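Here is the structure we will look at, set down as structure tokens.
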Protein chains: 2
Amino acid sequence: MDLRGNFEQNANAMGNKPMHKVLVVDDEEPILELLKYNLEKDGYEVKTAADGMRAIEIARKFIPDLVLLDIMMPKMDGVETCRLIREIPEMQKAFVVFLTARSEEYSEVAAFDVGADDYITKPIKPRALMSRITALFRRETKKVSPASLISIGDLTIDRVSYTIKVRNKEINLPKKEFELLYFLAQNPNKVFSREDLLQNIWGTDVYVLARTVDVHIRKVREKIGEDYITTVKGVGYKFSLS
Amino acid sequence: MDLRGNFEQNANAMGNKPMHKVLVVDDEEPILELLKYNLEKDGYEVKTAADGMRAIEIARKFIPDLVLLDIMMPKMDGVETCRLIREIPEMQKAFVVFLTARSEEYSEVAAFDVGADDYITKPIKPRALMSRITALFRRETKKVSPASLISIGDLTIDRVSYTIKVRNKEINLPKKEFELLYFLAQNPNKVFSREDLLQNIWGTDVYVLARTVDVHIRKVREKIGEDYITTVKGVGYKFSLS
DNA sequence: ATGTTTCTTAACAATTCCTTAATGAACGGC
DNA sequence: GCCGTTCATTAAGGAATTGTTAAGAAACAT
């Protein structure tokens, strides 16, 4: 069973990679397969369409983050398809990358004019294509974390340098421990159940036992002292000011 | 809590912001048109120039907030044009963004030395360009020209000669290694992901695997010692003072 | 051209971190 | 006191990330 299935917004406090959706549009079956195979291997969720009409139908529901679009297609060509896709409100911010045979020299200007973000010439080299797609998503503006510095009493949590300071002593925490402490400290005095913590720090698509939280709590306490995190029996943990 | 939200930069379409003036300089007519069209669609006031001389004439009267400047031009190249533009008193605080063909590899250092704020490789992808311009204007403070000399502890980084000094010993670093160290040292204690580093050092249009960063980190450490660059597992690297 | 340096990738090793499971301790109800 | 529940603590295996090396491309210089 594919556990990745329906979890799009698996972004969480740790900044896990969101899974991106890709729609591939080409009239040649082998190319569809090749691209689908490579994309899925890299962890993208993929749908395919054999012509422009189908592409638009699918785009409306699927709302891909990226459309790979063959320029030369029967019935409706790529540029026209792109224009129509851009008319779908939710598709405004999606990326569109054209696939074009080298010989064609299809007007780049026309392509970019309808809002293409890049174009790639056939024959397609999977590795190169994949790295360019990676680069596309890499450019995405990323969110700014709410507070990069939390200071409570003699404890300082610095998300920029990923370090904490207790009683003027700097300590390096492993990622999960850091995120756990950071998350609790963002809402001082508020109790979170283990499930809450798993959801927010581990993410929705991870299958981890609730007891795992205990172990991390224990390790954080070991490093910063017992005074900051309080156990609320039967409920969960909270960051307590004292 | 899904922290990911839809924070996109749909800034331009509405809102009564001050209208920004843009001067586009390129010797190719189609490119001028493409850029002019897209910029005006986004609400900028645009003027164009086909060569450096004309550019300077226009800049003197028009006083644009942003100059898009092709690096490769007949008669006077972009770098020279930029320097002359910077001599116009009213143009001191304008943004300058270079346009460059991917193949050229025009000296970035030369470009930044004459006061470029960014550079973008052709072929130009209007949507990407527009969002970068939006981002440029959104920045409150104009990027300060980076210091050419950084000194931290017993480490000195000299951007002019591309050399560093550790414990009074001068070392020559290859370009990528130097820029990596330089970039990290500019923001001491700040953790950068491999993606961050790729974007800022390799550029947005280069397709390189993230693990490549590791190898360069390794080489830098080999040369300057293990004490300066710290790994933050699961996150990235940082320059750490200790 | 030729040789040299640098960059990138790939493969494997080393390390750290995460998760689980097992055990013991604390607490409350009966 | 006894029992059951819940949490604390520890250790071990496995998973994930990073370190390291080498080899082929690419860029650069001679």
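Each chain gets a letter, A, B and so on, in the order its sequence line appears, and its residues count up from 1. If you're wondering where the values come from, they're calculated on a predicted model, not measured in any experiment.
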I'd like a list of close polar pairs between nucleotides 26-30 of chain C and the protein, N/O only, cut-off under 3.5 Å.
none

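- Looking at heavy-atom distances under 4.0 Å, A/Y237 makes contact with sugar-phosphate atoms alone, never a base.
- No more than 12 heavy atoms of other residues, nucleotides or ligands lie within 6.0 Å of CG in B/N168, so this atom counts as exposed by the packing criterion.
- Closest to the B/T231 side chain, of the nucleotides D/dT20, D/dT18, D/dA8, is D/dT18.
- Summarising the local packing, NZ of A/K165 is surrounded by 12 or fewer heavy atoms from other residues, nucleotides or ligands at distances under 6.0 Å.
- Inspection of the B/Y228 and B/D154 side chains reveals an N or O donor paired with an N or O acceptor under 3.5 Å.
- For D/dT9, neither phosphate oxygen OP1 nor OP2 lies less than 4.0 angstrom from any side-chain nitrogen or oxygen of A/R221.
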Worksheet item: For B/D117 and B/R86, what are the C-alpha separation, side-chain angles and deciding distance, and is it a salt bridge (Lys or Arg N to Asp or Glu O under 4.0 Å)?
Response: CA-CA 12 Å; B/D117 296 287; B/R86 283 274 184 239; 3.7 Å; yes

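- A salt bridge links A/E179 with A/R159: the closest approach of a Lys/Arg side-chain nitrogen to an acidic carboxylate oxygen falls below 4.0 angstrom.
- When each of A/V25, A/L99, A/T48 is checked for a side-chain contact (heavy atoms from CB on, under 4.5 Å) with A/L35, only A/L99 meets the rule.
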Practice prompt. Mark up nucleotides 6-12 of chain C, 5' to 3', with B wherever a protein heavy atom is under 4.0 angstrom from a base atom, S wherever such an atom reaches only the sugar-phosphate, and - elsewhere.
Written response: SBBBB--

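- The CG atom of B/D214 sits 17 Å away from the P atom of C/dA14 (whole-angstrom rounding).
- Proximity of B/V235 to A/F178: side-chain heavy atoms (C-beta onward) are nowhere separated by under 4.5 Å.
- Under 4.0 angstrom from either OP1 or OP2 of D/dT18 there lies no side-chain N or O belonging to B/R218.
- With DNA chain D read from its 5' end, the first of the two nearest nucleotides for A/E222 and A/G236 is the one closest to A/G236.
- With hydrogens and angles left out, the side-chain atoms of B/R194 and B/Y237 include a donor and acceptor closer than 3.5 Å.
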